[in-house]
Trainee: 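Got a structure for you, written out below as structure tokens; questions coming shortly.
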Amino acid sequence: MNDIAHTLPPKDREEWRRLVRNELSHYFQNYVLQMKVAYYGRKIKEGSIDIQTAVDEVYALCIKYIKAVQRDFRVIFKDW
């Protein structure tokens with residue numbers, strides 16, 4: 001059994017794409033995650049970054065701070 005506090009949802013889940021496009025109505029507990037999601041949402045709208053690259057970069061950030069994003073991810077992703 002995986003310890004969910006030390007894992008992230010699979011990168012191919014639709015929630016990741018919705019997250020970086022700012023399509024989720026979510027009040028973030030983690031300020032850094034909130035700022036990065038807003039940043040990548042703007043970059044996608046500007047056309048200066050593609051969705052998959054944004055997902056990859058947010059995912060990399062979340063790996064680095066895996067415990068800090070768990071509360072938000074339990075709300076956004078429910079389970080994985």
Trainee: Report yes if the side chains of Glu57 and Ile49 come closer than 4.5 Å at any heavy-atom pair, otherwise no.
Mentor: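 Yes - at least one pair of side-chain heavy atoms lies under 4.5 Å apart.
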Trainee: Taking all non-hydrogen atoms of both residues into account, name the closest pair between Pro9 and Tyr59 and its distance.
Mentor: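 For Pro9 and Tyr59, the tightest heavy-atom pair comes out as O-CE1, 3.4 Å.
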Trainee: Is Leu19 linked to Ile63 within one hydrophobic cluster, defined over Ile, Leu, Val, Met, Phe, Trp and Tyr using a side-chain heavy-atom separation of less than 4.5 Å?
Mentor: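 Leu19 and Ile63: one cluster.
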Trainee: Please examine the side chains of Leu8 and Gln70, heavy atoms only from C-beta on, and report whether any two atoms are closer than 4.5 Å.
Mentor: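 Gln70 vs Leu8: side chains touch.
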Trainee: Decide yes or no for Gln29 and Val75: does some side-chain heavy atom of the first lie under 4.5 Å from some side-chain heavy atom of the second?
Mentor: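 Not touching, per the 4.5 Å side-chain cut-off.
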Trainee: Answer yes or no: is there a side-chain heavy-atom contact under 4.5 Å between Val55 and Gln52?
Mentor: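 Side-chain contact under 4.5 Å: yes.
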Trainee: Sequence neighbours excluded, which residues qualify as salt bridge (Lys or Arg N to Asp or Glu O under 4.0 Å) partners of Arg71?
Mentor: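 If we apply the salt bridge (Lys or Arg N to Asp or Glu O under 4.0 Å) test to Arg71, skipping adjacent residues, there are no hits.
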Trainee: OH of Tyr40 to OG1 of Thr53: how many Å apart, nearest 0.5 Å?
Mentor: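 Reported to 0.5 Å precision, the distance equals 9.5 Å.
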Trainee: Would you indicate whether Lys45, at its atom NZ, is surrounded by more than 12 heavy atoms from other residues, nucleotides or ligands within a distance under 6.0 Å?
Mentor: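 Check fails, neighbour count at 12 or below.
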Trainee: Treat each ILVMFWY residue as a node, draw an edge where side-chain heavy atoms are under 4.5 Å apart, and state whether Phe28 and Ile66 are in one component.
Mentor: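 Yes.
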Trainee: Which heavy atom of Glu15 sits nearest to which heavy atom of Leu24, and what is that distance?
Mentor: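 Result for this residue pair: O-CD1, 4.1 Å.
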Trainee: Mind running side chain to side chain contact (heavy atoms under 4.5 Å, CB included) on Lys11 and Asp56 for me, showing each step along the way?
Mentor: CA-CA 8 Å; Lys11 206 183 329 182; Asp56 292 343; 3.2 Å; yes
Trainee: Within this structure, what is the CZ-CZ distance for the pair Arg13 and Phe77, rounded to the nearest 0.5 Å?
Mentor: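 Going from the CZ atom of Arg13 to the CZ atom of Phe77 covers 6.0 Å.
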Trainee: Work out which heavy atom in Asn30 is nearest to a heavy atom in Asp72; give both atom names and the distance.
Mentor: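 Closest heavy-atom pair between Asn30 and Asp72: N-OD2, 3.0 Å.
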Trainee: Please assess Arg74 against Asp79 for the test salt bridge (Lys or Arg N to Asp or Glu O under 4.0 Å), listing each intermediate value before the final yes or no.
Mentor: CA-CA 6 Å; Arg74 282 191 210 114; Asp79 60 23; over 6 Å; no
Trainee: Report the residues that fulfil salt bridge (Lys or Arg N to Asp or Glu O under 4.0 Å) with Glu46, sequence neighbours left out, ordered by chain and then residue number.
Mentor: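 Partners of Glu46 under the salt bridge (Lys or Arg N to Asp or Glu O under 4.0 Å) test: Lys43.
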Trainee: Clusters formed by hydrophobic residues whose side-chain heavy atoms approach within less than 4.5 Å: which one holds Val32, and what are its other members?
Mentor: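 Grouped by the 4.5 Å side-chain rule, Leu61, Tyr65 form the rest of the cluster around Val32.
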Trainee: Could you tell me whether the side chain of Cys62 reaches within less than 4.5 Å of the side chain of Phe73, counting heavy atoms only?
Mentor: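 A side-chain contact exists here, since the closest heavy-atom pair is under 4.5 Å.
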Trainee: Are Trp16 and Ile51 co-members of a hydrophobic cluster defined by side-chain heavy atoms under 4.5 Å apart?
Mentor: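 Yes: a chain of side-chain contacts under 4.5 Å links Ile51 to Trp16.
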Trainee: Mind checking whether Asp50 and Ile44 have side chains closer than 4.5 Å, heavy atoms only?
Mentor: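 No. Closest side-chain heavy atoms not under 4.5 Å.
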